[in-house]
Visitor: 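Below: one structure in structure tokens.
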Number of protein chains: 2
Amino acid sequence: MSQDGEIIHLDTSLGYRLKEASTALRQAMEEALRPLGMTITHYSCLELLAQRPGLSNSELARGSFVTRQSMNVLLHTLEREGHVTRPDEAPVGKVLPTSLTPLGRRALERASAAVRGVELRMLDGLTETERGDAMRILESMIRSLRGESAPR
Amino acid sequence: MSQDGEIIHLDTSLGYRLKEASTALRQAMEEALRPLGMTITHYSCLELLAQRPGLSNSELARGSFVTRQSMNVLLHTLEREGHVTRPDEAPVGKVLPTSLTPLGRRALERASAAVRGVELRMLDGLTETERGDAMRILESMIRSLRGESAPR
DNA sequence: CAATCTATGTCATACTACTGACATGAGTCA
DNA sequence: TGACTCATGTCAGTAGTATGACATAGATTG
């Protein structure tokens with residue numbers, strides 16, 4: 001076929017499998033959230049705000065794995081829909097702390113229930129040991145990809 | 001804070017960690033491929049064709065985890081750039097088998113080397129056992145998310 | 001203090017991938 | 001044979017996200 005070392009064998013590539021898994025997860029979540037008129041990033045933003053109220057645009061962006069420009073667009077939509085609020089001017093610096101409104105909290109609760117169903121289904125075939133292994137292995141891969149070394 | 005069961009704790013969520021890992025991988029691959037003027041899907045398509053020549057548009061789409069519409073657009077670009085070729089009319093049915101040109105193969109070899117660097121870095125912090133565990137666990141998660149049951 | 005660096009919020013623009021839709025070919029079955 | 005189902009290729013329109021650029025605030029450093 002081809003000389004050794006020229007191509008990557010996708011069937012045995014961990015990167016390919018990781019992409020496959022994350023695609024399956026994304027599709028399952030999109031399917032679960034679509035009836036609620038919510039995207040994954042939309043949901044992710046609300047979930048972050050519920051756990052850590054007052055997060056800034058940039059912090060929400062990092063937590064949702066998008067750029068701060070994308071999060072900025074999303075926050076304007078969420079503000080217009082009445083799911084979040086931001087002060088007109090920054091209390092300190094340029095950072096605008098974001099808060100969940102009661103309406104946003106109710107939307108989150110519905111979304112969270114839908115997403116939990118997906119997460120539980122994903123965990124279904126794994127033993128308790130495997131879940132721990134998975135967390136640890138993924139964290140190690142993340143560190144390596146970011147160029148970090150020790151587990152802090 | 002909040003009543004139990006209302007929200008998902010992202011720090012301990014395997015889904016969140018999976019998203020984080022796939023984002024880190026995607027960013028590392030984009031960074032590696034950018035100097036070559038190639039996107040991940042672009043690369044993925046060429047890699048699939050090198051391993052399984054004659055794949056159709058729909059098959060390439062499934063293997064690259066995009067819709068067949070997206071792959072169709074990409075294939076037209078790759079055809080215009082001279083990286084792949086497709087017959088003018090289908091030998092059988094509507095399926096147009098795609099082939100890599102010598103130019104496309106050279107582009108793939110450069111891209112594959114760059115991507116292999118990323119994959120090796122990702123694997124760096126893992127033992128041989130962990131790599132096997134990771135493959136097995138990811139495959140199990142994929143099956144569960146797709147609603148399949150037994151390991152075939 | 002001034003200069004520099006870093007992080008942030010925001011706008012405009014471009015790209016990537018998606019959904020919706022349609023026509024066509026192959027297989028199935030009554 | 002004809003009706004049905006399914007997969008495919010393709011076009012058009014839309015949505016989500018990214019890149020590029022700018023101004024500004026805080027921290028750092030000489």
Side-chain angles (χ1 to χ4, degrees), chain A residues 19 22-46 54-81 84-99, chain B residues 19 22-46 54-81 84-99:
Chain A
K19 170 82 172 174
S22 81
T23 300
L25 174 60
R26 176 175 54 78
Q27 288 178 346
M29 286 183 66
E30 281 173 354
E31 197 174 333
L33 290 173
R34 193 180 320 254
L36 305 174
M38 206 180 287
T39 68
I40 294 177
T41 310
H42 192 132
Y43 156 73
S44 173
C45 177
L46 296 184
L55 283 186
S56 70
N57 176 35
S58 287
E59 289 166 327
L60 288 168
R62 279 191 292 272
S64 299
F65 310 113
V66 296
T67 63
R68 65 186 197 279
Q69 292 93 325
S70 297
M71 183 53 68
N72 188 40
V73 174
L74 175 59
L75 279 184
H76 278 105
T77 304
L78 291 176
E79 224 172 347
R80 181 166 40 78
E81 292 176 355
V84 306
T85 51
R86 282 198 294 178
D88 288 342
E89 59 181 39
V92 53
K94 299 183 68 179
V95 178
L96 293 173
T98 313
S99 302
Chain B
K19 170 83 171 174
S22 81
T23 301
L25 175 61
R26 176 175 53 79
Q27 288 178 345
M29 285 183 66
E30 281 173 353
E31 196 174 335
L33 291 173
R34 192 179 321 251
L36 305 174
M38 207 180 285
T39 68
I40 294 177
T41 310
H42 192 133
Y43 156 72
S44 173
C45 177
L46 296 184
L55 283 186
S56 70
N57 177 35
S58 288
E59 289 166 326
L60 288 168
R62 279 191 292 272
S64 299
F65 311 114
V66 296
T67 62
R68 66 187 197 280
Q69 292 92 327
S70 299
M71 183 53 69
N72 188 41
V73 174
L74 175 60
L75 279 184
H76 278 107
T77 304
L78 290 175
E79 224 170 349
R80 182 165 40 77
E81 292 175 354
V84 307
T85 52
R86 282 199 293 179
D88 288 342
E89 59 181 38
V92 53
K94 299 183 66 179
V95 178
L96 292 174
T98 312
S99 302

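A, B, ... follow the sequence lines: proteins, then strands. Residue 1 opens every chain.
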Visitor: Got a sec, which residues hit side chain to side chain contact (heavy atoms under 4.5 Å, CB included) with A:Ser44, two or more places apart in sequence or on another chain?
Guide: A:Leu48, A:Ser64
Visitor: Could you pull out all residues at least two apart from A:Arg68 that satisfy salt bridge (charged side-chain N to carboxylate O under 4.0 Å, His left out)?
Guide: none
Visitor: Mind calculating the distance between CG (A:Asp88) and P (C:dG9) to the nearest angstrom?
Guide: 15 Å
Visitor: Taking the side chain as every heavy atom from C-beta outward, state whether B:Gln69 and B:Asn72 have any pair of such atoms under 4.5 Å apart.
Guide: no
Visitor: A:Thr41: which residues meet the side-chain hydrogen bond (donor to acceptor under 3.5 Å, both in side chains) condition with it, sequence neighbours left out?
Guide: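 So A:Thr41 forms no side-chain hydrogen bond (donor to acceptor under 3.5 Å, both in side chains) with any residue.
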Visitor: Going from OG1 on A:Thr85 to CG on A:Leu75, what distance comes out if it is rounded to the nearest 0.5 angstrom?
Guide: 10.5 Å
Visitor: Taking side-chain hydrogen bond (donor to acceptor under 3.5 Å, both in side chains) as the definition, give me every residue that meets it alongside B:Ser70, ordered by chain and number, with sequence neighbours left out.
Guide: B:Thr67
Visitor: Hey, what do you get for CZ (B:Arg62) to CG (B:Asn57), rounding to the nearest 0.5 Å?
Guide: 9.5 Å
Visitor: For a quick test of your reading: what N or O donor-acceptor pairs under 3.5 Å do the side chains of residues 22-29 of chain A make, sequence neighbours left out?
Guide:
residue	atom	partner	partner atom	Å
A:Ser22	OG	A:Lys19	O	3.2
A:Thr23	OG1	A:Lys19	O	2.8

Visitor: Expressed as a whole number of angstroms, how long is the span from A:Leu75:CG to C:dT10:P?
Guide: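 Computing the A:Leu75:CG to C:dT10:P distance gives 8 Å.
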Visitor: Restricting to side-chain hydrogen bond (donor to acceptor under 3.5 Å, both in side chains), what partner residues turn up for B:Glu59, sequence neighbours left out?
Guide: B:Ser56
Visitor: Is the phosphate of D:dG9 approached by B:Ser58 (side-chain N or O, under 4.0 Å from OP1 or OP2)?
Guide: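 Yes, within the criterion.
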Visitor: Polar atoms only, N or O, under 3.5 Å: list the protein pairs with nucleotides 17-20 of chain D and their distances.
Guide:
residue	atom	partner	partner atom	Å
D:dT17	OP1	A:Thr41	OG1	2.4
D:dA18	OP2	A:Thr67	N	2.8
D:dA18	OP2	A:Thr67	OG1	3.2
D:dA18	OP2	A:Ser70	OG	2.8
D:dA18	N7	A:Ser70	OG	3.4
D:dG20	O6	A:Gln69	NE2	3.1

Visitor: At under 4.0 Å, does any side-chain N or O of A:Arg62 touch on OP1 or OP2 of C:dA7?
Guide: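 No, outside the criterion.
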Visitor: Separation of B:Arg86 atom CZ from D:dG9 atom C1', in whole Å?
Guide: 8 Å
Visitor: Determine yes or no for a side-chain-to-main-chain donor-acceptor pair under 3.5 angstrom, with A:Thr98 supplying the side chain and A:Arg86 the backbone.
Guide: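 A pair under 3.5 Å: no.
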Visitor: Applying salt bridge (charged side-chain N to carboxylate O under 4.0 Å, His left out), can you list everything that pairs with B:Glu31, at least two apart in sequence or on another chain?
Guide: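 With neighbours one apart ignored, the set is empty.
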Visitor: With heavy-atom distances below 4.5 Å as the criterion, would you say the side chains of A:Leu33 and A:His42 are in contact?
Guide: no
Visitor: Using C1' atoms of five pairs at each end, report the bend of the helix from C:dC1-D:dG30 to C:dA30-D:dT1 rounded to 10 degrees.
Guide: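 Rounded to the nearest 10 degrees, the bend comes out at 30°.
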Visitor: Send over the distance from A:Leu55 CG to C:dG9 C1', rounded to a whole Å.
Guide: 16 Å
Visitor: Without decimals, in angstroms, what is the distance between A:Leu60 CG and C:dA7 C1'?
Guide: 15 Å
Visitor: If you restrict it to nitrogen or oxygen atoms, what contacts under 3.5 Å exist between nucleotides 24-28 of chain D and the protein, and what is each distance?
Guide:
residue	atom	partner	partner atom	Å
D:dT24	O2	A:Lys94	NZ	3.4
D:dG26	OP1	A:Gly93	N	3.2

Visitor: Could you tell me the separation between the CE atom of B:Met38 and the P atom of C:dC15, rounded to a whole number of Å?
Guide: 18 Å
Visitor: When you measure from the side-chain N and O atoms of B:Asn72 to the phosphate of D:dG9, is any distance below 4.0 Å, counting only OP1 and OP2?
Guide: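 So the side chain of B:Asn72 is outside the cut-off, no N or O lying under 4.0 Å from OP1 or OP2 of D:dG9.
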Visitor: Check nucleotides 2-5 of chain C against the protein and report each pair of N or O atoms closer than 3.5 Å, with its distance, or say if there are none.
Guide:
none

Visitor: Can you see which heavy atom on B:Cys45 is nearest to which on B:Leu74, and at what distance?
Guide: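 Residues B:Cys45 and B:Leu74, closest heavy atoms: CB-CD2, 4.1 Å.
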